[in-house]
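These numbers were taken from a predicted model, which means no experiment stands behind them.
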Amino acid sequence: RDWSVTGVQTCALPISVPTVSTLIEVDVTNMVEFRARNKESFLEMYGVKFTYTPFFIKALAEVLMEFPMVNAALMPDNKILVNKGVHMGCAVSLGKDGSGGLIVPVIRDCDKKSVIEIAKDLEVIAGKARASQLGLEDVQGGTFTLTNPGSYGATLGTPMINAPQAGILGTYGIVERVVVLNKMLAIRSIMNVVLTYDHRLVDGLMAGRFLQARSEERRVGKECRSRW
């Protein structure tokens, strides 16, 4: 009963928030190829599945540290809370088959953790969600939210902000497309990324620069080479 009341209150909050969504296409070919080469050895070495989400979280956490207003919150008294660390809310499915809906547990201090540590934390909270064992402490204290509808095939959407957080990022399905690269046609893995943000805290220019920073991280595959 308490969870139901909390859920209704949480859903009501974004109605009064003036939100904007900005979309960018990101070339994730390097990341896709890196995962394909290393997913089996990663599982063998570290005991967790090698999914894209830990890379998304790590790269996002680093960019959030460069754009503190995107990691901020507008509190009920209209004071702006600028968070010093990144505590990432990650949308995961409830129940063994996901029929319990979605919930947003929090991985703490993502700006200080490696991809491996984030992957292990993600597996723990996903396991708790599947077993319906998450506590209040697991879902409180997030500074920003990541949702990954691409994991169930969605290619585009506009995620709903988790007020009072300043923003939420949606990562969508990776598809192969023919693109022009260095004046030649090439097949690349492309992903839509959508940032929904509170326009009282983040304007379009900041949102664009934030997304471009993420795009650059993705394009060069920096996280694949050095962030384990």
How about R130 and L94: do any of their side-chain heavy atoms sit closer than 4.5 Å? no
Can you find a heavy atom in the side chain of L146 that is under 4.5 Å from one in the side chain of I57? yes
Would you say the side chain of I24 lies within less than 4.5 Å of the side chain of V26, judging by non-hydrogen atoms? yes
Under a 3.5 Å cutoff, is there a donor and acceptor pairing between the side chains of T143 and Q165? no
What pair of heavy atoms forms the shortest contact from R108 to E137, and how long is it? NH2-O, 2.6 Å
Of the non-hydrogen atoms in V202 and A207, which two are nearest, and what is the gap between them? CG1-N, 3.9 Å
Flag the pair H199 / T19 as yes when at least one side-chain heavy-atom distance between them is below 4.5 Å, and no otherwise. no
What orientation do F55 and F50 show, parallel under 30°, tilted 30 to 60°, or perpendicular over 60°? tilted
NZ or CZ of R35 within 45° of Y52 ring axis and under 6.0 Å: yes
Side-chain contact test, heavy atoms from C-beta onward, threshold under 4.5 Å: evaluate it for T53 versus L122 and give yes or no. yes
Please report the C-alpha distance between V139 and V106 in whole Å, then the side-chain angles of each, then the deciding distance to 0.1 Å, and finally whether the side-chain contact (heavy atoms from CB on, under 4.5 Å) criterion is met. CA-CA 5 Å; V139 298; V106 177; 5.6 Å; no
Can you check whether L156's main-chain N or O pairs, donor with acceptor, with N192's side chain at less than 3.5 Å? no
Interatomic spacing from CG in D198 to CD1 in I161 - rounded to 0.5 Å: 5.0 Å
Note, V92 side chain near L102 side chain (heavy atom, < 4.5 Å): no
Please report the shortest heavy-atom distance between M65 and K84, naming the atom on each side. CE-O, 3.4 Å
Can V193 be reached from V86 by stepping across I, L, V, M, F, W or Y side chains whose heavy atoms are under 4.5 Å apart? yes
Determine whether D27 and I190 satisfy the following criterion, side-chain contact (heavy atoms from CB on, under 4.5 Å), listing intermediate values before the conclusion. CA-CA 5 Å; D27 186 336; I190 305 297; 4.1 Å; yes
Mind listing the closest non-hydrogen atom pair of H87 and D109 along with its distance? ND1-N, 3.0 Å
Would you mind reporting whether M88 and L60 have side-chain heavy atoms less than 4.5 Å apart? yes
Are the side chain of N38 and the backbone N or O of F34 linked by a donor-acceptor pair below 3.5 Å? yes
Would L211 and M31 show up in the same hydrophobic cluster when neighbours are defined by side-chain heavy atoms closer than 4.5 Å? yes
Are the side chain of K58 and the backbone N or O of K113 linked by a donor-acceptor pair below 3.5 Å? yes
In terms of hydrophobic clustering (I, L, V, M, F, W, Y; side-chain heavy atoms under 4.5 Å; direct or indirect links), are F67 and V82 co-clustered? yes
According to a hydrophobic-cluster definition based on side-chain heavy atoms being under 4.5 Å apart (Ile, Leu, Val, Met, Phe, Trp, Tyr only), do Y197 and L23 belong together? no
Might you point out which heavy atoms bring Y46 and K120 nearest each other, and give the distance in Å? O-CE, 3.6 Å
Taking the side chain as every heavy atom from C-beta outward, state whether V194 and T22 have any atom pair closer than 4.5 Å. no
Cut-off 3.5 Å, side chains only: do T196 and S21 have a donor facing an acceptor? yes
Rounded to the nearest 0.5 Å, what separates atom CZ in F56 from atom CD1 in I118? 12.5 Å
Begin from the C-alpha positions of I116 and M45 and carry the test side-chain contact (heavy atoms from CB on, under 4.5 Å) through to its verdict. CA-CA 10 Å; I116 297 167; M45 291 176 63; over 6 Å; no
If only atom types and distance count, is the side chain of T29 paired as donor or acceptor with the main-chain N or O of S189 below 3.5 Å? yes
Taking every non-hydrogen atom, the tightest pair across F210 and L195: CD2-CD2, 3.7 Å
Spatial distance of atom CE (M160) from atom OG1 (T147) [nearest 0.5 Å]: 10.5 Å
Full working for side-chain contact (heavy atoms from CB on, under 4.5 Å) between E62 and D111: CA-CA 6 Å; E62 293 193 352; D111 53 304; over 6 Å; no
Looking at R200, I'd like to know if its CZ atom is crowded, meaning that more than 12 non-hydrogen atoms belonging to other residues, nucleotides or ligands lie closer than 6.0 Å. yes
Pair up each side-chain donor or acceptor in residues 168-187 with any protein partner under 3.5 Å, not counting sequence neighbours, and list the distances.
residue: T171; atom: OG1; partner: N148; partner atom: OD1; Å: 2.9
residue: Y172; atom: OH; partner: G157; partner atom: O; Å: 3.3
residue: R177; atom: NH1; partner: E25; partner atom: OE2; Å: 2.6

